[in-house]
Amino acid sequence: MIPGLEPVPLRELQALGTSRVWSVDGQLDDMPSLTPVRGTLRAEHLGNLLEVEGSVQTIVCLRCDRCLGHFNQQLSADAKELIWLGDEPSDEHLTQAGLDPSTPDGLMECLDPRGDFEPERWVFEQLSLQMSVVNRCGDHCPGMPQKSLDASATTTEERTDPRWQALRDLQSSMQRQETNHD
């Protein structure tokens, strides 16, 4: 857990009357990273809305899906989000709050107004959204590891089912007979 990013009751944020700012500097338990997660986070209670914005960055070590090699990727998130406090908002509630219910960037999250805001979870979610679905180490990726021809020939023979040995012997003897008759 990152020190100082403990969950905060929403009622406490409401009583504050202004925005609360956190300095982020530490390791996330659910996202091992090479460098500490660093940045800032701000949350302000606005009645039925919680406005959260932040800027965080770190570097993580990933495994390439193509060559299975390790590579480092920088994750950086600059996000601003409005979170509805209460049950799922209706179009009427959104209009009263001064929001356009038809915009695609509408409210995606809802929190219980008697619950907590978890700044560390918010940071984790924002960084997770920056990770690519397919991990590629870059244009220099050598691709899948290839076996040499000599190694593949011996491993194929070793992997052949021993019950086929009689057929291999028969094929060898037939090839020798054909060479002797020529």
Side-chain angles (χ1 to χ4, degrees), residues 1-91 93-141:
M1 173 169 259
I2 298 176
L5 292 188
E6 294 82 17
V8 176
L10 290 169
R11 302 266 184 193
E12 186 179 307
L13 287 175
Q14 183 179 21
L16 191 59
T18 184
S19 59
R20 177 161 175 193
V21 178
W22 291 269
S23 178
V24 180
D25 189 4
Q27 298 287 109
L28 290 170
D29 294 337
D30 294 332
M31 182 182 289
S33 57
L34 298 173
T35 62
V37 178
R38 290 193 173 107
T40 58
L41 175 64
R42 183 188 70 77
E44 184 173 0
H45 197 289
L46 304 173
N48 289 339
L49 295 169
L50 181 67
E51 181 182 63
V52 184
E53 66 179 310
S55 175
V56 290
Q57 57 272 341
T58 189
I59 298 174
V60 293
C61 183
L62 301 174
R63 182 178 292 263
C64 179
D65 292 334
R66 192 168 176 216
C67 70
L68 301 179
H70 288 92
F71 69 99
N72 298 338
Q73 180 180 12
Q74 182 173 356
L75 297 180
S76 180
D78 291 314
K80 184 174 183 178
E81 180 179 21
L82 292 174
I83 301 172
W84 184 260
L85 302 176
D87 294 331
E88 193 71 32
S90 66
D91 288 350
H93 286 121
L94 292 174
T95 305
Q96 287 175 356
L99 300 170
D100 183 4
S102 62
T103 61
D105 296 331
L107 302 172
M108 303 302 266
E109 297 274 340
C110 295
L111 289 177
D112 181 355
R114 295 174 304 272
D116 296 337
F117 169 65
E118 300 176 35
E120 183 171 340
R121 178 178 171 86
W122 190 86
V123 167
F124 169 78
E125 289 172 353
Q126 299 310 311
L127 288 172
S128 294
L129 289 171
Q130 301 307 310
M131 295 180 75
S132 58
V133 176
V134 177
N135 295 322
R136 293 264 166 77
C137 59
D139 294 336
H140 63 280
C141 180

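Owing to the predicted nature of the structure, the values given are computational and were not obtained by experimental measurement. These values consider heavy atoms only, across backbone and side chains, with no hydrogens, waters or symmetry-generated copies.
- Sequence neighbours left out, the pairs with a member in residues 7-16 that pass salt bridge (Lys or Arg N to Asp or Glu O under 4.0 Å) are Glu12-Arg20.
- Under the 4.5 Å side-chain criterion, counting only non-hydrogen atoms from C-beta, Leu49 is in contact with Trp84.
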Enumerate, atom names and distances included, each donor-acceptor pair closer than 3.5 Å involving a side-chain atom of residues 50-60, sequence neighbours excluded.
unit_1 : atom_1 : unit_2 : atom_2 : d
Glu51  : OE1    : Arg42  : NH2    : 2.8
Glu53  : OE2    : Arg42  : NE     : 3.1
Glu53  : OE2    : Arg42  : NH2    : 2.5
Ser55  : OG     : Asp78  : OD1    : 2.5
Gln57  : NE2    : Arg38  : O      : 3.3
Thr58  : OG1    : Ser33  : OG     : 3.3
Thr58  : OG1    : Thr35  : O      : 2.7
Thr58  : OG1    : Thr35  : OG1    : 3.3

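- Scanning for side chain to side chain contact (heavy atoms under 4.5 Å, CB included) contacts around Ser128 gives Met31, Phe124, with sequence neighbours left out.
- Under the salt bridge (Lys or Arg N to Asp or Glu O under 4.0 Å) criterion, the residue pairs touching residues 122-137 are Arg121-Glu125, with sequence neighbours excluded.
- Taking the salt bridge (charged side-chain N to carboxylate O under 4.0 Å, His left out) definition, one finds that Asp112 meets it with Arg114, sequence neighbours left out.
- Counting heavy atoms from C-beta outward, Met131 and Leu62 have side chains that approach closer than 4.5 Å.
- Here the closest heavy-atom approach between residue Leu85 and residue Gly47 is recorded as CD1-O, 3.7 Å.
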Under 3.5 Å, which donor-acceptor pairs do the side chains of residues 68-76 form with other protein atoms, sequence neighbours left out?
unit_1 : atom_1 : unit_2 : atom_2 : d
His70  : NE2    : Arg63  : NH2    : 3.3

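- We find the CD1-CG distance between Ile83 and Leu46 to be 11.0 Å, quoted to the nearest 0.5 Å.
- Looking at Asp25 and Ile2, their side chains never come closer than 4.5 Å, going by heavy atoms from C-beta outward.
- In this structure, the separation between CG on Asn135 and CG on Asp65 is 5.0 Å, given to the nearest 0.5 Å.
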